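What follows is one structure encoded as structure tokens, with my remarks underneath.
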Amino acid sequence: MKILVTGGTGYIGSHTSVELLNSGYEVVIIDNLSNSDASVSDRIGRITGKTPPLYIGDVLDEALLDQIFSEHKIDAAIHFAALKSVPVSMADPLLYYHNNVTGTLSLCRAMKKHGVKNIVFSSSATVYGISDDRPIGEDAPLSPKNVYGNTKLMMETVFSDLYHSDPEWNVTLLRYFNPIGAHESGLIGEVPEGIPGNLMPYITQVAAGLRPHLNITGTDYDTPDGTGVRDYIHVVDLARGHIKALQNLSGLGIYNLGTGRGYSVREIVNAFEEATGIKIACEEAPRRPGDLACYFADASKANAMLGWRTEKTLHEMCADSWRFAKGYYK
Ligand code: NAD
Ligand code: UD1
């Protein structure tokens, strides 16, 4: 089977391409390199022995999509291509709606034109937008709190409406919790642009000596140690969830991909220090506006219906994040 991976040179797309190739799928990548670089397809080739063709271009470019679907007999698409910064999305909503939502419409039109009706979509736990100390199930209310989250919910709506208009579509929406870690080869991983907004890329920059300390944003939450709790998932486990999703693609499916267990910021810092032997200087800082105290998945539906479960430990998430970052920043 041949899979079109949009955003395939990005963080999650590259790891998923590796797992696809290792599982015997053929991969074709389209990426406009707005947040990645072309060397990633060669790195995928070094890991798997198969370098996937990379079309450098935009999913907004329907002529290019037309060309790809004409040149390759694509069986399904996995749609990662999107912009993902919450603060930038608030500052420039038109950019985010255009890139993410219009880009998705463009992809769907091209798929429909070429009779390809199988898609797995990268959604996010950010669509829930609620704070609770219970695990979040797929039927929790949807109420994103920022423009990025709004684009994800809109894209989910596009896909589910498409399915309801034509049940020949098979659509799986995957709601990721917090991906961290990297491939054990150290060849691919997350490359943050500018000052990292997310926790693990910030920690690795402190470890690399690029930043003096980590600001722990909120130490007075109603959590066991006062710091925010999230469901961190190893990106390789997450990537493997896409293989399971493809194997079980049938009708409309919605799944959380998380470990089902939350860790606090302090627990992550401690685990990183243990895994790497590097001390992370920390300072207490105010809460980030709009942040939630505690957020973790009920992943039982993906466990039961997709036969998927996470295998990697927090230690591996930290060690693998650092192996990639160390090589990247040296
Ligand atoms: P990423 O930025 O590393 O990868 C996205 C890739 O898409 C990049 O290589 C970028 O160049 C490309 N891209 C963006 N817009 C494009 C366009 N219009 N046309 C072609 N290529 C385009 O991000 P990631 O962390 O790998 O995220 C992948 C997907 O998963 C995104 O849809 C993101 O919203 C979603 N997601 C990510 C997280 C996370 O924490 N990383 C969490 C939940 C959901
Ligand atoms: C963020 C995004 C969310 C996205 C998710 C996964 C926001 C508001 N939300 O959520 O849309 O789906 O990433 O990519 O940005 N922290 C620190 N210091 C830091 C950075 C973070 O203490 O420098 C804390 C945060 O307060 C939080 C935890 O670390 O408690 C995790 O933060 P982060 O990695 O940004 O993930 P989310 O907050 O879950």
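Indexing begins at 1, ligand by ligand and atom by atom, following the structure's order. It should be emphasised that the depicted structure is a prediction, and the values quoted were computed from it without experimental measurement.
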Q: Test Glu316 against Thr313 for side-chain hydrogen bond (donor to acceptor under 3.5 Å, both in side chains), laying out the working first.
A: CA-CA 5 Å; Glu316 289 172 284; Thr313 61; 3.2 Å; yes
**Q.** Tyr11, Phe121, Phe80, Tyr55: member with heavy atom nearest to atom 29 (C) of ligand 1
**A.** Phe80
Q | Nearest option to atom 23 (O) of ligand 2, as decided by whichever heavy atom of Ile180, Asn146, Leu214 sits closest | A | Leu214
Q. Is Asn256 reaching over with its side chain to a backbone N or O of Gly258, donor-acceptor style, under 3.5 angstrom?
A. no
(Q) Would you say that Ser85 contacts Tyr96 through its side chain, given a criterion of any heavy-atom pair below 4.5 Å between the two side chains? (A) yes
Donor-acceptor contacts, no H, no angles, side chain residues 74-81, under 3.5 Å, sequence neighbours left out:
unit_1 : atom_1 : unit_2 : atom_2 : d
Asp75  : OD1    : Lys73  : NZ     : 3.2
Asp75  : OD2    : Lys2   : N      : 2.8
His79  : ND1    : Thr6   : OG1    : 2.7
His79  : NE2    : Thr104 : OG1    : 3.0

**Q.** atom 1 (C) of ligand 2 - nearest protein heavy atom and its distance
**A.** Asn198 ND2, 3.5 Å
(Q) Please determine whether any non-hydrogen atom of Ala125 lies less than 4.0 Å from an atom of ligand 1. (A) no
Q) Are any of the N or O atoms of Asn215 closer than 3.5 Å to those of ligand 2? A) yes
Q.
Looking only at protein heavy atoms, which one is nearest to atom 31 (C) of ligand 2, and what is the separation?
A. Tyr232 OH, 3.3 Å
**Q.** Distance-only N or O hit between ligand 2 and Arg230, under 3.5 Å
**A.** yes
Q: Report yes or no: does a heavy atom of Tyr263 sit under 4.0 Å from some atom of ligand 2?
A: no
Q: Taking Asp92 for its side chain and Leu95 for its backbone only, find out whether a donor-acceptor pair lies under 3.5 Å.
A: yes
Q. When you look for heavy atoms under 4.0 Å from ligand 2, do you find them on the side chain of Thr126, its backbone, both, or neither?
A. side chain
Q. Please state which protein non-hydrogen atom is closest to atom 17 (C) of ligand 2 and give its distance, to 0.1 Å?
A. Thr217 OG1, 3.0 Å
Q.
Quick test of your reading of the structure: of Ile216, Val86, Leu199, Asn178, whose heavy atom lies closest to atom 7 (C) of ligand 2?
A. Val86
Q: May I ask you to check whether Ile12 has an N/O atom sitting below 3.5 Å from an N/O atom of ligand 1?
A: yes
**Q.** Donor-acceptor contact below 3.5 Å, side chain Ser23 vs main chain Tyr25
**A.** no
Q.
If we set the cut-off at 4.0 Å for heavy atoms, which region of Tyr221 has an atom near ligand 2: side chain, backbone, both, or neither?
A. neither
Q | 4.0 Å heavy-atom contact, Gly218 with ligand 2 | A | no
Q: Tell me, please, which residues at least two apart from Arg230 pass salt bridge (Lys or Arg N to Asp or Glu O under 4.0 Å).
A: Asp291
Q. Judging by distance only, is a nitrogen or oxygen of His79 under 3.5 angstrom from one on ligand 1?
A. no
Q. Are Tyr263 and Tyr232 close enough that their ring centres sit under 6.0 Å apart?
A. no
Q: Using a strict 4.0 Å cut-off to heavy atoms of Lys152, name the atoms of ligand 1 that fall inside it.
A: 31 (C), 32 (O), 33 (C), 34 (O), 35 (C)
Q.
Quick check on ring-ring contact (aromatic ring centres under 6.0 Å, His included): which of Phe121, Tyr176, Trp308 does His242 satisfy it with?
A. Tyr176
Q. Where on Arg288 is there a heavy atom closer than 4.0 Å to ligand 2, on the side chain, on the backbone, on both, or on neither?
A. side chain
Q | From CA spacing to verdict: side-chain hydrogen bond (donor to acceptor under 3.5 Å, both in side chains), Ser264, Asp225 | A | CA-CA 7 Å; Ser264 73; Asp225 65 19; 2.6 Å; yes
Q.
For Ser165 versus Leu162, what's the shortest heavy-atom pair and its separation?
A. OG-O, 2.7 Å
Q. Quick one: does His114's side chain have a donor or acceptor within less than 3.5 Å of a partner on Val116's backbone?
A. no
Q) For atom 30 (O) of ligand 2, which protein heavy atom lies nearest, and how many Å away is it? A) Gly228 CA, 3.5 Å
Q) With a cut-off of 4.0 Å, which atoms of ligand 1 are near a heavy atom of Gly57? A) 20 (C)
Q) Can you tell which part of Leu292 has a heavy atom less than 4.0 Å from ligand 2: side chain, backbone, both or neither? A) neither
Q) For atom 12 (O) of ligand 2, what is the nearest protein heavy atom, given as residue, atom name and distance? A) Ser124 OG, 3.3 Å
**Q.** Nearest candidate to atom 38 (C) of ligand 1, where distance is taken over non-hydrogen atoms, out of Pro179, Ser122, Ala82
**A.** Pro179
